[in-house]
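Notes follow once the structure below has been shown.
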Amino acid sequence: MNIKELDEKYILPTYAKADVAFVKGENATLFDINGKKYIDFTSGIGVVSVGHANRRVTEALREQISQITHISNLYYNLPQAKAAQRVVEASGYDMQCFFGNSGAEANEGAIKIARKHGERDGEIKRYKIITLNHSFHGRTITTVKATGQESMHNYFGPFPDGFVYADGIDEIESLLDDHTAGVMIELIQGEGGVEPQDREKVQALAKLLKEKEIPLIVDEVQTGCYRVGEFTASQAYGIEPEIITLAKGVGGGVPVGIVMTTLKNVLSAGDHGSTFGGNYLSSRAVCEVVDILSELKKSGDLESRSLIFNQALETFYKKHQDIFTQKVGFGMMCGLRVKDAETLSNIIDGARENGVMVLKAGRNTLRFLPPLTITKEEINEGFEALCIAVSRL
Ligand SMILES: *Cc1c(COP(=O)(O)O)cnc(C)c1O
């Protein structure tokens with residue numbers, strides 16, 4: 001049986017898959033099963049932040065695998081403690097970490113911390129979590145309910161209670177009450193369509209929530225780990241959230257989810273856990289990824305790559321104003337609004353046929369999440385291929 005037949009026979013059909021199978025990668029370059037080459041402007045939805053088959057990550061993992069990969073969270077684990085140190089120091093916040101395996105799991109942990117914090121603080125039980133419309137927080141029963149998209153609440157109920165959706169940052173204040181345990185936002189909505197929030201409004205919200213002692217949870221699963229230039233988008237926005245979640249790019253391709261918080265004394269032994277979370281393998285990956293990217297940041301290379309990428313994107317956008325209506329995003333989390341959804345899906349298919357991988361976000365946004373280590377040559381090659389694909393529409 002070929003891959004497609006095997007997949008159709010044994011894999012549940014939860015994804016609409018494109019007709020391609022990759023076997024090898026090198027930085028932002030991919031090769032499929034037929035040896036065809038592609039430039040990767042997706043990094044697997046913002047995961048492979050340090051590029052495919054990164055030499056340093058590969059070496060670290062190879063060394064770790066040959067020694068020990070897993071022994072549960074019942075014992076001390078040096079790579080995990082070091083990974084937490086790396087992440088906390090890179091953020092500049094006075095926080096502690098909990099390690100899980102995915103973005104949804106990180107957000108579950110964040111909600112648990114906010115709710116237990118709300119229960120401890122006074123007689124009134126605080127349980128409500130306010131999130132935004134068009135948000136995306138994950139696929140578990142709780143995080144799908146936290147996601148402010150009605151279309152995702154069609155099945156799977158009954159859901160956990162207490163999720164309230166605000167129509168933008170402006171509306172949050174009017175929804176706060178004595179039962180509010182936390183407010184969870186993405187600073188740049190990813191799946192929702194590369195939608196950055198307004199900096200002043202976010203700062204005002206953060207200040208208001210501090211006054212009311214309601215934790216601000218920033219879901220940085222997509223924006224985190226230098227995707228937007230700083231280690232967290234929260235730093236770029238100049239705010240100090242009580243809880244931040246990370247996943248995607250922070251493991252560089254190894255599954256990991258992290259909740260980090262200033263609320264260090266809320267959870268105690270037995271309140272939360274994860275069998276795989278923070279094992280030697282994923283923790284070593286986190287250490288290496290954060291080291292690589294913080295060195296890239298210090299050298300100025302992170303910024304110059306982002307600049308080159310954005311200039312190339314701007315040129316591409318200007319050339320095709322009949323198709324694209326707006327350029328959006330921050331750092332290496334960018335998008336182009338496309339005039340209609342059908343054109344968008346044609347662009348993505350055409351791009352793949354011409355050897356460049358791009359993503360969709362929301363209804364009408366062409367999304368770019370390249371590896372942060374992408375080279376100038378890869379950027380130019382990718383946009384050349386994209387130009388050809390678009391001119392053939
Ligand atoms: C991808 C994503 C998630 C879910 O992460 P998983 O690892 O798929 O569970 C949550 N929040 C945001 C902002 C994301 O982009």
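All values derive from a computational prediction rather than experimental measurement. Note that ligands are numbered from 1 as they come in the structure, with each ligand's atoms numbered from 1 the same way.
The heavy-atom pair separating Ser135 from Thr147 by the smallest distance is O-CG2, 3.1 Å.
Remark: Glu63 engages Arg284 in a salt bridge (Lys or Arg N to Asp or Glu O under 4.0 Å) (not counting sequence neighbours). In this structure, His52 has no ring-ring contact (aromatic ring centres under 6.0 Å, His included) partners at least two apart in sequence or on a different chain.
Salt bridge status for Glu295 with Arg56: present, with a side-chain N to carboxylate O gap under 4.0 Å. Looking at Asp7 and Lys4, no side-chain N of the basic residue comes within less than 4.0 Å of a carboxylate O on the acidic one, giving no salt bridge.
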Quick one: table the atom pairs, ligand 1 N or O against protein N or O, below 3.5 Å, distance rounded to 0.1 Å.
{"from": "ligand 1", "atom 1": "7 (O)", "to": "Gly103", "atom 2": "N", "distance (Å)": "2.8"}
{"from": "ligand 1", "atom 1": "9 (O)", "to": "Gly103", "atom 2": "N", "distance (Å)": "3.4"}
{"from": "ligand 1", "atom 1": "9 (O)", "to": "Ala104", "atom 2": "N", "distance (Å)": "2.7"}
{"from": "ligand 1", "atom 1": "11 (N)", "to": "Phe136", "atom 2": "O", "distance (Å)": "3.2"}
{"from": "ligand 1", "atom 1": "11 (N)", "to": "Asp219", "atom 2": "OD1", "distance (Å)": "3.3"}
{"from": "ligand 1", "atom 1": "11 (N)", "to": "Asp219", "atom 2": "OD2", "distance (Å)": "2.7"}
{"from": "ligand 1", "atom 1": "15 (O)", "to": "Gln222", "atom 2": "NE2", "distance (Å)": "2.8"}
{"from": "ligand 1", "atom 1": "15 (O)", "to": "Lys248", "atom 2": "NZ", "distance (Å)": "2.6"}

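A ring-ring contact (aromatic ring centres under 6.0 Å, His included) check over residues 189-213, counting only residues at least two apart or in different chains, returns nothing.
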